[in-house]
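All of these numbers come straight from a predicted model, not from anything done at the bench. Naming convention: chains lettered A, B, ... in sequence-line order (proteins, then strands); numbering from 1 in each chain. The analysis underlying the following values was restricted to heavy atoms, covering all of them including side chains, and did not include hydrogens, waters or symmetry mates.
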Number of protein chains: 2
Amino acid sequence: MASPRRVGAETSKTRATLLDGTEQLILEAGYAAVTYRNVAAKAGVTGGLVQYYFPTLDDLFLALLRRRSDANLERLLAALEERPDEPLRIIWEFNTDETSAGLMMEFLALANHRKSIRSEIAEVTRRARKVQVDALAARWPQYASSAEGLSPGSLLFLMATVPKMMLLEESVGIAAAHHDVLRLVEQYLDSVEPTRAPRRMQTKRPAKRKSPARRRHGSST
Amino acid sequence: MASPRRVGAETSKTRATLLDGTEQLILEAGYAAVTYRNVAAKAGVTGGLVQYYFPTLDDLFLALLRRRSDANLERLLAALEERPDEPLRIIWEFNTDETSAGLMMEFLALANHRKSIRSEIAEVTRRARKVQVDALAARWPQYASSAEGLSPGSLLFLMATVPKMMLLEESVGIAAAHHDVLRLVEQYLDSVEPTRAPRRMQTKRPAKRKSPARRRHGSST
DNA sequence: GTCTATACGGCGATAGAC
DNA sequence: GTCTATCGCCGTATAGAC
């Protein structure tokens, strides 16, 4: 039925390089800049070769989305295991990661007119949400009292959604009240999830786990 | 400097029809479906004529965005004047409007790779935010006590942003915790903004101002 | 398994005919 | 005010070289 076209191996180094370049391209110029010719130029190969590994652009986007979200999920699980006493801070930081949020927003936009992306986005989001909501539910008494009617799901929705919306707005140049919101959240985090070293010299938050700098290779960040 | 190309009159009826069709096209199939050929086919004219009125696709998108956001702002101002005692409910309803939110999300996505859209989106968002934040600030004592550190700006951010994020997620098929969040918000609205008829027979919210149904012509909804 | 060359129809955009 | 012709770039498909 489906075309018996030949496709490059998933373990190919070239394939990984193409994915790296595509990711960079999306971050720099938006998903619309992802064309066979652009991706090929970035990697110094021909367009046909890109097509050899990714027969359609959907295949390329999908591979990229999967690679990125698998890495993200791993990162999330590692952090939750490493700092079991502050899941909410981890959730906030996880959803504040600029690179991932930027990429995810591009994919969300892509989802509007590429069905294959839509279902995959829904799937990976559900997976990530489940991990996070379970982490909150496990220590729910700690958070339950903070607002009447609050559930693990709704708290997670806010903590996952608000930073993404802030990043989205910032990307078009709107920053109204973002600072206020940030203060509000940090205040809330301090109250429901006091850190082991309760007071620092500054009002600064405890350091991020890792620099969010863009590495060229995909398995981190 | 700029090209001295000929452009159709802004008052043209054909022009308005083209805008209507484009809006419909975006809602049905995403902004990527907006091509001269598609828009022309929908209106039963030739692609060249569409280009006569909108020399570039940017011009078309921009005209659409302006028309829609002007209408929205008018609608918002009218509602605030009509029900001066419940600005927060109005803000929530305003940002929950499906058609507008869907359109705005498409434009937000578009903004990622069309600079002209980006700046216009920022501009209209700022205008709408200002109207809303002023409405809240005017009766701030009523809301100030609900959470420590809450400011008109941050409350508005949440009330404007949360429903949009819910609609965005729903559009890709995610509904996790949305019901919980909705309950939470309604509970909050009831507490800080009790309606004049304080208790109904049902738990139902007071009726929406207007059906959000899609009209063919753009000056409403 | 990897990679190149070439072809096709649809696209945005431009210039200019009617 | 309306419409056609044309240009260069796009995704995609295929055939075949190494």
Side-chain angles (χ1 to χ4, degrees), chain A residues 1-22 25-26 28-64 106 109-117, chain B residues 1-19 21-22 25-26 29-64 106 109-117:
Chain A
M1 296 283 181
S3 78
R5 194 117 130 275
R6 290 195 299 164
V7 178
E10 285 220 3
T11 55
S12 160
K13 191 179 170 179
T14 305
R15 206 188 106 113
T17 307
L18 292 176
L19 286 177
D20 291 343
T22 304
L25 208 52
I26 292 182
E28 288 165 3
Y31 68 79
V34 176
T35 70
Y36 283 119
R37 289 157 178 87
N38 281 347
V39 172
K42 194 140 201 155
V45 299
T46 62
L49 183 57
V50 182
Q51 268 187 288
Y52 166 62
Y53 286 103
F54 308 101
T56 71
L57 282 189
D58 270 52
D59 295 322
L60 173 55
F61 283 123
L62 231 49
L64 194 57
E106 289 287 332
L110 245 183
N112 279 333
H113 49 272
R114 282 188 187 260
K115 286 174 59 183
S116 63
I117 298 290
Chain B
M1 298 283 180
S3 77
R5 194 116 132 276
R6 292 191 299 163
V7 179
E10 284 222 6
T11 55
S12 158
K13 192 179 169 179
T14 304
R15 206 187 106 112
T17 307
L18 292 176
L19 285 178
T22 305
L25 208 51
I26 292 182
Y31 70 80
V34 176
T35 69
Y36 283 120
R37 289 157 178 84
N38 280 347
V39 172
K42 195 141 199 152
V45 299
T46 62
L49 183 57
V50 181
Q51 274 185 294
Y52 165 63
Y53 285 104
F54 308 100
T56 71
L57 282 188
D58 269 53
D59 294 322
L60 173 55
F61 283 123
L62 230 51
L64 195 56
E106 290 286 332
L110 246 183
N112 279 334
H113 49 270
R114 280 186 190 261
K115 285 174 59 182
S116 63
I117 299 290

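For the contact set between residues 47-60 of chain B and DNA chain D, defined by any heavy atom under 4.0 Å, the members are B/Gly48, B/Leu49, B/Tyr52, B/Tyr53.
Sorted by first and then second residue, the pairs that involve residues 41-54 of chain B and meet salt bridge (Lys or Arg N to Asp or Glu O under 4.0 Å), not counting sequence neighbours, are B/Glu28-B/Lys42.
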Please tabulate, for side-chain N and O atoms in residues 47-54 of chain B, each donor-acceptor pair with protein atoms closer than 3.5 Å (sequence neighbours left out).
unit_1: B/Tyr53; atom_1: OH; unit_2: B/Ser12; atom_2: OG; d: 3.0

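You'll find the side chain of B/Leu60 reaches within 4.5 Å of the side chain of B/Leu19, heavy atoms only. Side-chain contact between B/Leu64 and B/Ile26: present, with at least one pair of heavy atoms (C-beta onward) separated by less than 4.5 Å. Side chains of B/Val45 and B/Leu18 form a contact here, defined as non-hydrogen atoms less than 4.5 Å apart.
Every residue meeting the side chain to side chain donor-acceptor pair (under 3.5 Å) condition with B/Arg114, not counting sequence neighbours, appears here in chain and number order: B/Asp58. In terms of the salt bridge (Lys or Arg N to Asp or Glu O under 4.0 Å) criterion, B/Asp59 has no residue partners (sequence neighbours excluded).
Rounding to the nearest 0.5 Å places CG of B/Leu25 at 10.5 Å from CD of B/Glu106.
One can place CG of B/Leu18 at 11 Å from P of D/dC3, the figure rounded to the nearest angstrom.
Among the protein residues, B/Val7 comes within range of no part of the nucleic acid, since none of its heavy atoms lies under 4.0 Å from any strand.
Contact between the side-chain N/O atoms of A/Thr14 and the OP1/OP2 oxygens of C/dT2 is not found at any separation under 4.0 Å. Here A/Thr46 does not reach the OP1 or OP2 of C/dC3: none of its side-chain N or O atoms lies under 4.0 Å away. Note on A/Tyr36: every side-chain N or O is 4.0 Å or more away from OP1 and OP2 of D/dC10.
Evaluation of atom-type donor-acceptor distances gives a pair under 3.5 Å for the side chain of A/Arg37 against the base of D/dG11.
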What protein N or O atoms touch nucleotides 15-18 of chain D N or O atoms at under 3.5 angstrom, if any, and at what distances?
unit_1: D/dG16; atom_1: O6; unit_2: A/Arg6; atom_2: NH2; d: 3.0
unit_1: D/dA17; atom_1: N6; unit_2: A/Arg6; atom_2: NH2; d: 3.1

